[in-house]
Colleague: 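I am attaching a structure below and will ask some questions about it afterwards.
Quantities reported herein were computed from a predicted structural model and do not represent experimental measurements.
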Amino acid sequence: MEQITSFLPILLMIAVVYLFMIRPQMKRQKEEKKFSEALKRGDRVITKSGLHGKILELNDDSVLLDAGAGKMRFERSALSLELSKKLNEPEKTEKEKK
């Protein structure tokens with residue numbers, strides 16, 4: 001019985017690390033993968049470095065963006081899910097804000 005109680009704190013620490021660190025990261029990776037697979041021509045996106053653009057062409061691992069000043073090629077992994085969601089959300093009217 002003593003052996004079990006001595007391992008209990010270690011088991012609790014492993015459970016906490018899994019629940020608060022590993023599991024949310026796995027969920028975030030799945031969402032990023034879905035986002036990357038769902039991209040299509042004409043989508044407005046923001047890169048992780050902050051460049052705004054419109055998708056002109058999609059390849060297996062790269063994206064051609066029209067950034068206004070010219071066309072640039074980026075890796076799909078350089079596109080930001082969170083920033084692109086905010087960019088594509090419809091603007092709320094004053095009634096919806098209240």
Side-chain angles (χ1 to χ4, degrees):
M1 189 67 173
E2 264 181 49
Q3 291 178 345
I4 294 173
T5 58
S6 66
F7 284 115
L8 191 60
I10 294 172
L11 293 175
L12 284 171
M13 286 174 44
I14 291 171
V16 167
V17 167
Y18 176 77
L19 288 174
F20 289 105
M21 295 178 77
I22 297 171
R23 191 166 175 235
Q25 180 64 28
M26 290 171 48
K27 184 179 176 183
R28 207 170 305 126
Q29 285 176 341
K30 284 181 186 179
E31 288 176 357
E32 287 278 347
K33 187 175 180 181
K34 269 171 113 175
F35 168 72
S36 180
E37 291 173 352
L39 290 173
K40 60 187 179 302
R41 289 183 65 187
D43 284 349
R44 294 174 30 199
V45 293
I46 302 175
T47 64
K48 291 181 180 176
S49 62
L51 182 83
H52 293 241
K54 184 176 177 182
I55 297 178
L56 296 177
E57 180 184 315
L58 290 165
N59 294 331
D60 290 337
D61 58 351
S62 65
V63 176
L64 184 65
L65 293 181
D66 178 18
K71 297 176 185 173
M72 296 179 207
R73 187 165 299 278
F74 286 92
E75 295 293 318
R76 280 185 182 233
S77 61
L79 300 178
S80 172
L81 168 66
E82 290 84 19
L83 294 174
S84 297
K85 274 185 184 177
K86 290 178 187 175
L87 178 68
N88 291 317
E89 282 180 355
E91 291 185 28
K92 294 182 179 179
T93 61
E94 288 191 29
K95 288 182 180 179
E96 290 176 347
K97 288 179 183 177
K98 294 178 181 180

Colleague: Run through the side-chain heavy atoms of Ile, Leu, Val, Met, Phe, Trp and Tyr, join any pair under 4.5 Å, and report what else lands in L12's cluster.
Modeller: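 Besides L12, the cluster holds L8.
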Colleague: Test of understanding: with side chain to side chain contact (heavy atoms under 4.5 Å, CB included), list the residues that count as partners of Q25, not counting sequence neighbours.
Modeller: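 Partners of Q25 under the side chain to side chain contact (heavy atoms under 4.5 Å, CB included) test: R28, Q29.
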Colleague: Enumerate the side-chain hydrogen bond (donor to acceptor under 3.5 Å, both in side chains) contacts for residues 32-47, please, sequence neighbours excluded, ordered by first and then second residue.
Modeller: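 Listed once each, the pairs are K40-D43, T47-S49.
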Colleague: Could you list the residues that satisfy side chain to side chain contact (heavy atoms under 4.5 Å, CB included) with A67, not counting sequence neighbours?
Modeller: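 A67 satisfies side chain to side chain contact (heavy atoms under 4.5 Å, CB included) with L51, M72 once adjacent residues are dropped.
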Colleague: Hydrophobic clustering (ILVMFWY, side-chain heavy atoms < 4.5 Å, transitive) - are V45 and F74 grouped together?
Modeller: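 Yes, it is one cluster - the side chains of F74 and V45 are joined through contacts under 4.5 Å.
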Colleague: Among pairs that include at least one residue of residues 52-77, which meet salt bridge (charged side-chain N to carboxylate O under 4.0 Å, His left out), considering only residues two or more places apart or in two chains?
Modeller: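 Output for this query lists E57-R73.
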Colleague: If you link I, L, V, M, F, W and Y whenever their side-chain heavy atoms are under 4.5 Å apart, who else ends up in the same group as I10?
Modeller: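 Reading the cluster by chain and number, I10 sits alongside F7, I14.
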Colleague: Tell me whether L64 shares a hydrophobic cluster with L58, the cluster being built from Ile, Leu, Val, Met, Phe, Trp, Tyr side chains joined at under 4.5 Å.
Modeller: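 L64 does not cluster with L58.
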Colleague: Could you work out the complete set of other residues in the hydrophobic cluster of L19, with links drawn between I, L, V, M, F, W and Y side chains under 4.5 Å apart?
Modeller: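 Members other than L19 - counting any ILVMFWY side chain reachable under 4.5 Å - are V16, V17, Y18, F20, M21, I22, M26.
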Colleague: What's the spacing between L65 CG and I55 CD1 if we round to 0.5 Å?
Modeller: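 These two atoms lie 6.5 Å from each other.
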